[in-house]
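Everything below concerns the one structure shown next.
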There are 2 protein chains.
Amino acid sequence: MSGTTDDRLPPDGAVRPRGERPVTMWDVARRANVSQSTVSFVLNESTSVRIAPATRERVLAAVRELGYRRNAMAAGLRSGTSAVIGFVTDAIATTPFAGQVILGAQDAAWDKRHLLLVVNTESAPEVERQAVAMLLEHRVRAIVYSTWYHRPVTLPAGIDEVPVMLVNCFVPDADLPAVVSDERQGGRCATEVLIERGHRRIGFLTDAETAAPATTERLEGYRDALGDAGLPFEPDLVHVVTPDQEGGYAGALALLAGAERPTALFCYNDRVAMGAYAAIGERGLSVPGDVAVMGFDDQEVIAAHLRPPLSTIALPHYEMGHRGISRLLDLLDGGAAGSGVERLPCPYIERASV
Amino acid sequence: MSGTTDDRLPPDGAVRPRGERPVTMWDVARRANVSQSTVSFVLNESTSVRIAPATRERVLAAVRELGYRRNAMAAGLRSGTSAVIGFVTDAIATTPFAGQVILGAQDAAWDKRHLLLVVNTESAPEVERQAVAMLLEHRVRAIVYSTWYHRPVTLPAGIDEVPVMLVNCFVPDADLPAVVSDERQGGRCATEVLIERGHRRIGFLTDAETAAPATTERLEGYRDALGDAGLPFEPDLVHVVTPDQEGGYAGALALLAGAERPTALFCYNDRVAMGAYAAIGERGLSVPGDVAVMGFDDQEVIAAHLRPPLSTIALPHYEMGHRGISRLLDLLDGGAAGSGVERLPCPYIERASV
DNA sequence: TTGAAAGCGGTACCAC
DNA sequence: GTGGTACCGCTTTCAA
């Protein structure tokens with residue numbers, strides 16, 4: 001061995017602060033008796049360069065011995081990108097669902113070795129603005145903007161300085177890439193199941209008229225299914241309620257009091273269904289014998305534990321999060337997964353109420 | 001104005017790639033007619049340097065006009081730290097609670113202008129190892145390790161290369177900083193409330209004997225309260241059940257069948273309480289008239305919607321997440337918030353079942 | 001009060 | 001195949 005090894009010092013041969021200096025590629029290089037760039041090539045499994053197996057092994061050994069860890073900030077600074085994606089959401093924990101979206105996003109990111117920088121904003125515009133600014137400062141590759149229920153949104157300024165993916169929301173009159181749930185298909189599916197079971201008079205306990213897709217599109221789906229089956233749409237069977245148990249209770253009571261009572265109730269969500277159960281029980285009727293009940297949302301804690309367990313339509317939260325990130329990563333890696341709103345199906349969850 | 005402005009080029013006067021080059025401090029400096037370092041001083045509100053108000057204004061104006069954004073990677077590289085904290089959890093969405101912990105952490109981080117790099121591991125050791133490695137590569141200032149239910153854990157290798165805070169978990173026989181729920185106080189509190197209501201025979205539907213704090217400590221709390229009130233601990237009143245509705249149903253039925261039936265039931269969790277409700281109803285008894293019921297966990301979807309609404313003990317999930325991060329940040333900022341397990345109280349949530 | 005300059009730890013091009 | 005080196009954008013002395 002020649003003594004040249006000792007000359008392999010960083011360009012700045014200057015005195016470094018003593019004490020525990022973090023291990024750098026230079027340290028690894030010195031130990032492996034190669035140049036710092038060789039270490040870089042080895043660690044990045046660079047294909048543009050052929051490294052002798054022996055050299056490679058020496059480098060990897062040195063990495064292990066020294067406990068070297070790459071500095072992602074340095075790498076990012078130089079290369080201009082970062083393997084980090086920003087995740088802006090209006091609610092991490094308002095419902096169990098919010099977590100599912102992050103989970104899906106997390107899994108998809110992990111598959112491609114990406115990390116998520118998560119910010120919760122509670123829809124506060126100023127917080128959103130600052131959150132986006134911070135994410136941008138950290139040079140995230142892209143940002144996912146996600147909401148806890150399907151709705152139109154206005155994006156915070158600056159967010160479009162990087163690729164953006166909307167999850168569970170959309171910007172009206174803009175054709176931004178988004179992943180949402182297919183409420184219409186969900187509404188249709190729920191109704192079709194009831195029709196298949198032989199029901200002809202299907203009540204629909206719906207939410208107050210709002211511009212929310214969950215309201216308008218589920219109703220459309222209901223009408224679609226009715227139409228497809230050659231069944232008439234009867235306004236009397238559609239009852240607007242507050243979207244909770246009290247609403248479901250009152251609404252079901254009203255519908256059940258009619259001259260020709262419906263044999264099935266399609267409920268706007270599981271809480272409404274829970275209320276409907278109460279009303280049905282109170283009338284001395286049974287589920288599903290006298291009245292079939294279909295929920296929406298698949299709130300596990302409610303749906304699976306009602307008696308009988310509630311058949312319902314699930315929202316694809318996990319899938320939306322997963323798909324949002326994976327579309328984004330495809331797009332970043334050159335693919336043209338492009339823009340456009342992608343609607344993910346709402347699957348039917350069979351239990352015992354229809 | 002002299003023509004010197006045009007000479008203010010980055011040290012590397014070399015040709016830069018054309019096209020949309022991101023705005024740097026140099027661009028701002030040139031525009032404001034100051035040096036790059038002055039821009040840095042202004043933006044960091046450096047106290048070691050006095051900047052003339054006029055200069056300051058010019059710099060800020062240039063920043064606005066150019067839409068400049070700090071590059072956190074460059075800053076981090078140079079300064080050696082990062083305003084980012086790693087958050088490793090075994091479950092983002094297994095229960096609604098997991099989200100509460102992240103939310104608390106997020107809020108605390110946000111208050112101090114920190115970002116959270118979140119990784120979900122599902123407790124898979126290999127994933128945990130890699131997650132920690134990635135976080136360390138990103139030079140997070142610290143890592144929070146969090147679990148969805150209170151339990152002992154083994155930390156992934158390497159995690160202690162930065163300050164660590166355990167949330168909702170602990171490492172046996174190690175005095176690491178941790179924030180957990182005070183199960184014993186919770187158990188005692190639940191029992192005390194029942195005692196205050198005049199109950200003397202209080203049944204306890206508990207989980208199978210495990211080393212979990214939730215099991216052992218809630219029972220201790222129950223005994224504590226009994227002891228404090230001079231009430232005897234009667235083993236017959238303690239019934240081990242599976243911690244779900246079925247268990248609660250069976251357990252309550254058994255306890256209610258005894259010669260001297262208890263007038264109150266303290267349930268291991270809300271699901272058990274839900275099952276107990278069913279059993280009580282089936283025996284023709286009422287809550288709380290004939291039998292008072294106390295839950296644990298405060299699963300909102302269950303507790304608030306049972307009839308009557310369930311009085312229960314809440315776990316301080318949000319608080320644990322919040323406290324975990326804030327202790328960590330105090331510690332990083334020089335404070336000696338130090339090590340030690342911190343137990344956060346489980347508050348009593350009064351509804352209508354006791 | 002402001003500017004010059006030395007790096008922070010990698011990446012990647014270029015030469016040998 | 002390997003090494004030399006310029007440079008990513010910012011922080012922070014040190015001089016002026």
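Throughout, a chain's letter reflects where its sequence line sits, starting with A, and its residues are numbered from 1.
- Inspection of the B/Y318 and B/D107 side chains reveals an N or O donor paired with an N or O acceptor under 3.5 Å.
- Between B/E137 and A/R70, at least one side-chain N (NZ, or NE/NH1/NH2) sits under 4.0 Å from a carboxylate O, which counts as a salt bridge.
- Nucleic acid contact class of B/S48 (heavy atoms, under 4.0 Å, all strands): none.
- Nucleic acid contact for A/R69: sugar-phosphate only, since backbone atoms but no base atoms lie under 4.0 Å from a heavy atom of the residue.
- Taking 4.0 angstrom as the limit, A/N44 places a side-chain polar atom (N or O) nearer than this to OP1 or OP2 of C/dT11.
- Base engagement by B/V49 is indicated by at least one non-hydrogen atom pair under 4.0 Å involving a base atom.
- Side-chain atoms of A/S40 and A/S37 form no donor-acceptor pair, as typed in the model, at a separation below 3.5 Å.
- In this structure, B/Q36 places its CD atom 11 Å from P of C/dA4, rounding to the nearest Å.
- Contacts of B/S46 with the nucleic acid, taken as non-hydrogen atoms under 4.0 Å apart, are absent.
- In this structure, the CH2 atom of B/W26 is 9 Å from the P atom of C/dA5, given to the nearest Å.
- Both tests pass for A/R113 against the ring of A/W110: distance under 6.0 Å to the centre and angle within 45° of the axis.
- Heavy atoms of A/I51 sit under 4.0 angstrom from primed sugar atoms or phosphate atoms, though from no base atom.
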